[in-house]
Structure formats: C-alpha cells, structure tokens
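The structure under discussion appears below in the form of structure tokens.
As the structure is a computational prediction, the values presented were derived from the model and not from experiment.
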Amino acid sequence: MKTFYFLLLALGLVSSSIAQEFKKQGSVSYKILYNGNERDDMPLLHVQFANNTAKVWRDAPDVRQLIPGYAHEAAYLDYAHKQLFQIASFDDGDVFHSVASMDDLPELELTEERREILGYSCRHAKTVINSNHIDVWYTTEAGIQGTPQPRVGYVPGLVLSIVRNGNYETLASEIDILRKKAKAGLIPAELGQKVDKNELGDIKRDKMIISTRVFDDEQICWGKENSKVNEPEPDSLYHFAGGTLIVKKVKLPATPDHYSVFAEIKQYSNGDAYDRTGSVFVIPTNREQSFWDGLKNGMNTLPIYYDADSLDYQGVVINENYEPVVELVRFFTTFGVRHFNDRVKIKDIEWEDHTIYKQDVSDLKSQLEGEVLVGAFIGNYDRGGHKLTLDIKAYPGSYDWLEEDKKKMFVQPLFNTCNVMEMGGQRYGTMFKNDSLTLNFSIPEGVKNLKLRYITTGHGGWGGGDEFNPKQNEIFIDGDRVFVFTPWRTDCAAYRKHNPVSGNFWNGISSSDLSRSGWCPGTATNPEYVELPDLKAGQHQMKVAIPLGEPAGNSFSAWSISGILIGEYE
C-alpha cells in the first residue's frame, strides 16, 4: 500500500491539498452489472463520505418480511487512522464488529490505462484476490476518498468502478458532493462486541441458519436397558435394541420453500473399533400402526413380510395401515476414529478427530416440520460403542420469509430393509436370495413430478460377500423395468485418515481402502433418484431385484435398501 501511494506522489497524482479536500462530505450510489447488464435483483450499494471517513452499506432487500437472523451490515473507513470497521447488527439486539488495518489490505498495481466515469477521469489499478482478477477505477478529481469494496485494497481517491474477472462490475451511478466541509466523521461511538473477521462471518452465518440440535454427543452402544415407555414425551431420549438405537421426539420449525434443509451428523468411536452401518431416520405416525409400536411392543408386532423361503421380515414395507421409517441419511462409521488414534502411527498420516456426514434432505422437508420422532442407529456389540451428534439445519435461499403459496409435497415411504433394530431381533435384508422385494402401493389423484429416492448398500464381509462384489439393482413397476444401477464406491482410500485401526495388508493396502457396494468406512451413501413422470394415480406394484450372493458357513450377504416416493400436489 505504501509503495502504491508514493508512486502516486512521484507521478504528481497526490498533493497535500487533496488530503484537505478529502474532508468534504457527500455520497455515491453504485449499481451491479453482470456482462454489461444491470442486476435488478441486487440492492443498491452506497458510500457516504465525511471528514476523512466513509460508510459503506447496501439497501435492505425489497421484501415483505426479512428472514430471521438477517444482518444489517455497514463498513466504516477511518482514513486518518487507517482502520476498517465491519459492523453487523441483528433484530435480536446483538451488535458485533471487527477491525482491520488498511496496511494489511491487498497491494494494488497501478497501470497507465484511463477511463472516464460520470465525467471524472479515472486511473486504473489491479490485483488478484483468491484467483479473482480485480480491476479498480478511481479518481482524485472528486476531492473525496472512499470505495464500495474496502477489502479490495487501499486507494487514495474515490473508486467509481470495481470489475471482477471482467464480467461482474460495481459501477457508480450517482455522485452527490456537498460544497461545505464536514465537521465530524462517520465512525459510530458504539460498535458493539469486538470479534475477529472470521468470527464475525461465522456469527452472520449462524444467525441466518435455523438449527435444531436433535442428539447431542449421545452414546450408541450395546448393553443399555431398553426404555419402557408408552407414548414418547417431547425432548426425552429413549434407548432400544440394547442401546444401539436412540429415539427422540423433537419439534422442528416450518420454513418457506426456499430454505434448504440438511442433516448434519458428527460421529466418533467411543470404544468400538469396527466400521458399522448407521442410519438417521424419521418414524411416521400418520397411520394406524407405526414403527414406534414395534419399539415399545417388540418387532414381531409389526407387519410381517415373507420371502419365497418363508423367512419373516418385520416392518420393512408399506401396507394400508403402516409406513416404514423414512431414512434421511445412511452412513458408515470408521475403524475407530478418535478412540484408537494413539494405537497406530503411519508415516504422513494424521488421524482425524471425528467424522462428519452432511446431506441435503430438502426433498423430505415435509417430514421434518412440527413434532417429529427422529431415530439414530449404529449396529454394534460394544459397550463403549460410538458417540453421535445430529443437527437439522435450514439454510435460506431468499431474504424474504413470506412466500405466496407453499408447495404441498407428497412423500410416501415404500420400503426400508436397513434393520435399525438389528440388536432387537429385526432380520437382515436377505429376501433377495430366491425372490425380489415386492410391495403394493397407491398414488392419490392430483400428484405430479413423481420420483423414487433410493438408497442401496451391499453387505457380506468376506471375499465372496456382496460388500466386495458389484451387484446390479433392478426396479420394476407394474412389470416394467424403470431403473437399473450397480452401486460401487472406488474412492474409499480417500478416507484413510478416518480409519486408524483399519487392517493393513502385506501389499500396502488398508482394509478401509477397498472398494465396496455403495459405501466406504467414513462416508454417507448418496440417494439415487428414479424419475417417474408417467406414473399415474391408482394402485401399483413395485419389485426390487438384486442377485444375492451365496452364504459361506455362518457368513451371509444382505442388502440394506430404502425407497421413498416423492412428488407434489397440483
């Protein structure tokens, strides 16, 4: 910055009289252009000047009701002391600010180019910030100093244009300079609580996100006594299947359609060294019978599905009186992250402290509003088990809380063979051996844009097991094949840092590196979406066919699949 300023002095572009003229007062408004076209959706940007200080702010969004947590922001520049203040105030009364020195701003390189803007001759300077090429056009003729983007760099004059990457421009549209000099500066006396720049950014984001903590570092392990309960109480935690399944009734906020909803899971080992199947789900309660009844009364009280070998599977498919659980996230724990980090040291590998799984579940948003029964499962027989935290987070896509018409979504869970009550007697998904999973379902009138949200993972942990062998999944509706897919993950080695006690083989490969049927230790499995635009209202039959691998001794293969039909009402 100093080099740039002295270069201007040498070129005769700065004089002692200009420093005095910077005490004038006035304002400049700026518009936003993209590829030369004005962005009507962007609020105007303003800069006010007085006595060697400047204030930068945007108009509030033109909305009927601002979203909760909106930050009313302004930047203040104190040129006399070379300080930049960023202030954010919120409707709940909180005010925070950060301070930066202008000496720490990016260096600007002066060029010989010139441009006229609003009758002022402008000089050109440039820089690169985070791989973005920035062009700054400024004038010293206006007698005032300021910029609409203070963090781009210090300029001893009035910035009238900033262009990013040649196509996004902040351009002065109106200048109003008063003849009389200002008697006082613009820096407010009260700035609120001081935080650093990064912390201020975190506060602004956290205020806008509507977050609900469902589970807070809860232990999921083997050996706990099952909860004895009739109807669930709000915010009470219940343990089932010997402690490997936890359930809580929580109240989740309703949000406008523009909010995106994410499930965020934090997990680490509390004593279990192995990779385990995990699932976070919602228990529907809108029919005569629900999965909750199976939790409190036993799995065999749920509707039974029989395969061709007459094996019974509890609560896995829909019928007229029952809906299976709505799976939000299928995830897989690692080989002992955190608890076993000190057991094995490997060159150039620093073990992670925990694993984060985060998925967009906006298409299941209608199941995540109001009072909801949320469950989390990790299959294990370890008394330490795992620790899990779950947050449901809603992120705004607009500044307007109000909306004209909220879409009415159709969400129908059809099947779920992920045996979340594994340690409570629920059978593994082996119904594919000599059969297909077959179920009947209905679609009401007035539903459009249907699609199937399908999650599939193969299991059977030996060389011939379905965990390590690609298997084709086929889905049929009313006899027609609508989807074929082979789930297979080849990127498991990328998660080595989450697996401290994964077995290391003679050839240099670790067990956690091996490719698997739709999952890796330390990952969440992405849903597949089957578009069904031609599916009409009425009764239908669905079949899911997978060529199940043959057992070997006491080892067998199984498939955890879940399917949810999603659409919207006309």
Side-chain angles (χ1 to χ4, degrees), residues 279 281 284 302-327 330 363-364 410-419 427-445 447-460 466-467 469-489 517-519 525-550 556-568:
S279 181
F281 55 90
L302 294 177
I304 302 298
Y305 175 86
Y306 292 96
D307 67 8
D309 295 327
S310 298
L311 293 177
D312 57 333
Y313 303 86
Q314 309 98 322
V316 297
V317 298
I318 188 173
N319 67 28
E320 59 183 9
N321 298 317
Y322 172 81
E323 290 182 346
V325 299
V326 177
E327 187 168 39
R330 174 91 50 82
D363 48 6
L364 302 176
F410 171 75
V411 176
Q412 180 63 74
L414 299 180
F415 54 86
N416 191 334
T417 70
C418 182
N419 52 336
R427 192 183 295 276
Y428 283 85
T430 60
M431 67 279 291
F432 305 100
K433 181 179 179 182
N434 298 312
D435 200 0
S436 59
L437 176 70
T438 303
L439 61 124
N440 297 313
F441 65 98
S442 63
I443 300 172
E445 293 287 346
V447 175
K448 63 179 182 178
N449 300 331
L450 283 164
K451 59 185 177 182
L452 179 70
R453 183 183 189 264
Y454 180 63
I455 298 177
T456 176
T457 53
H459 306 273
D466 284 2
E467 176 177 333
N469 292 280
K471 294 295 181 71
Q472 180 173 280
N473 290 219
E474 296 177 280
I475 298 177
F476 300 84
I477 297 181
D478 300 330
D480 296 326
R481 190 171 79 167
V482 297
F483 184 66
V484 59
F485 171 67
T486 300
W488 194 244
R489 289 288 294 263
S517 288
W519 62 278
T525 297
N526 288 325
E528 299 295 322
Y529 287 91
V530 184
E531 300 294 332
L532 301 169
D534 299 325
L535 200 58
K536 306 299 182 184
Q539 295 292 321
H540 300 276
Q541 186 179 80
M542 179 179 291
K543 293 185 177 183
V544 183
I546 306 170
L548 191 74
E550 292 295 326
F556 60 90
S557 293
W559 282 83
S560 293
I561 64 171
S562 67
I564 304 169
L565 201 58
I566 300 172
E568 57 184 89

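- Counting all heavy atoms, side chain and backbone alike, V325 lies closest to P413 at O-CB, 4.2 Å.
- Between E528 and I455 there is no side-chain heavy-atom pair separated by less than 4.5 Å.
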Kindly indicate, with the supporting measurements, whether the criterion side-chain contact (heavy atoms from CB on, under 4.5 Å) is fulfilled by V544 and S436. CA-CA 5 Å; V544 183; S436 59; 5.9 Å; no

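- Side-chain contact between N473 and F483 is absent, with no heavy-atom pair separated by less than 4.5 Å.
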Assess whether side-chain contact (heavy atoms from CB on, under 4.5 Å) is satisfied between I318 and Q412, documenting all intermediate values. CA-CA 9 Å; I318 188 173; Q412 180 63 74; 2.9 Å; yes

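- Looking at heavy atoms from C-beta onward, T430 lies out of side-chain contact with W559 at the 4.5 angstrom threshold.
- G315 approaches P324 most closely through the heavy-atom pair O-CB, 3.9 Å.
- Classified by interplanar angle (parallel below 30°, tilted 30° to 60°, perpendicular above 60°), the ring pair Y428/F556 is perpendicular.
- Considering L437, V317, L452 in turn, L452 is the only one that fulfils the side chain to side chain contact (heavy atoms under 4.5 Å, CB included) rule with L414.
- Contact of the V326 side chain with the F281 side chain is not registered, since no non-hydrogen atoms from C-beta on lie closer than 4.5 Å.
- Counting all heavy atoms, side chain and backbone alike, V411 lies closest to I564 at CG1-CG2, 3.7 Å.
- M542 contributes atom CE, which lies 4.5 Å from atom CZ of F441 (distance to the nearest 0.5 angstrom).
- Between the D466 side chain and the G549 main chain, a donor and an acceptor come within less than 3.5 Å of each other.
- Closest approach of F410 to P444, counting heavy atoms only: CE1-CD, 3.5 Å.
- Taken to the nearest 0.5 Å, the CG atom of L565 stands 6.5 Å off from the CG atom of L535.
- Taking NZ of K471 as the start and OG of S517 as the end, the distance is 7.5 Å to the nearest 0.5 Å.
- With contacts defined as side-chain heavy-atom distances shorter than 4.5 Å, the pair N319/Y305 does not qualify.
- No donor-acceptor distance shorter than 3.5 angstrom exists from the side chain of T457 to the backbone of W519, with no hydrogens or angles considered.
- Distance check, rounded to the nearest 0.5 Å: CZ of F485 to CD1 of I546 gives 11.0 Å.
- Contact check for F415 versus I561: side-chain heavy atoms found under the 4.5 Å cut-off.
- Y529 and Y454 have their aromatic ring centers separated by at least 6.0 angstrom.
- Note: K451 NZ to L532 CG = 10.5 Å, rounded to the nearest 0.5 Å.
- Scanning all heavy atoms of the two residues, the minimum distance from T438 to K543 falls at OG1-CG, 3.4 Å.
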Evaluate side-chain contact (heavy atoms from CB on, under 4.5 Å) for I443 paired with L450, printing each intermediate quantity in order. CA-CA 10 Å; I443 300 172; L450 283 164; 3.6 Å; yes

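- Side chain of D478 to backbone of Q541: a donor-acceptor contact under 3.5 angstrom is found.
- Going from atom OG1 of T456 over to atom CG of N526 covers 13.0 Å, rounded to the nearest 0.5 Å.
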Using the side chain to side chain donor-acceptor pair (under 3.5 Å) rule, take D307 and N434 through it: C-alpha gap first, then chi angles, then the decisive distance, then the call. CA-CA 8 Å; D307 67 8; N434 298 312; over 6 Å; no

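- Counting heavy atoms from C-beta on, the side chains of Q472 and V484 come closer than 4.5 Å.
- At a threshold of 4.5 Å between non-hydrogen side-chain atoms, the residues L311 and M431 do not count as touching.
- By the 4.0 Å N-to-carboxylate-O rule, D312 lies close enough to R427 to be salt-bridged with it.
- With salt bridges taken as basic N to acidic carboxylate O contacts below 4.0 Å, one links E474 and R481.
- Residues S560 and R330 share a closest heavy-atom pair of O-NH1, 2.9 Å.
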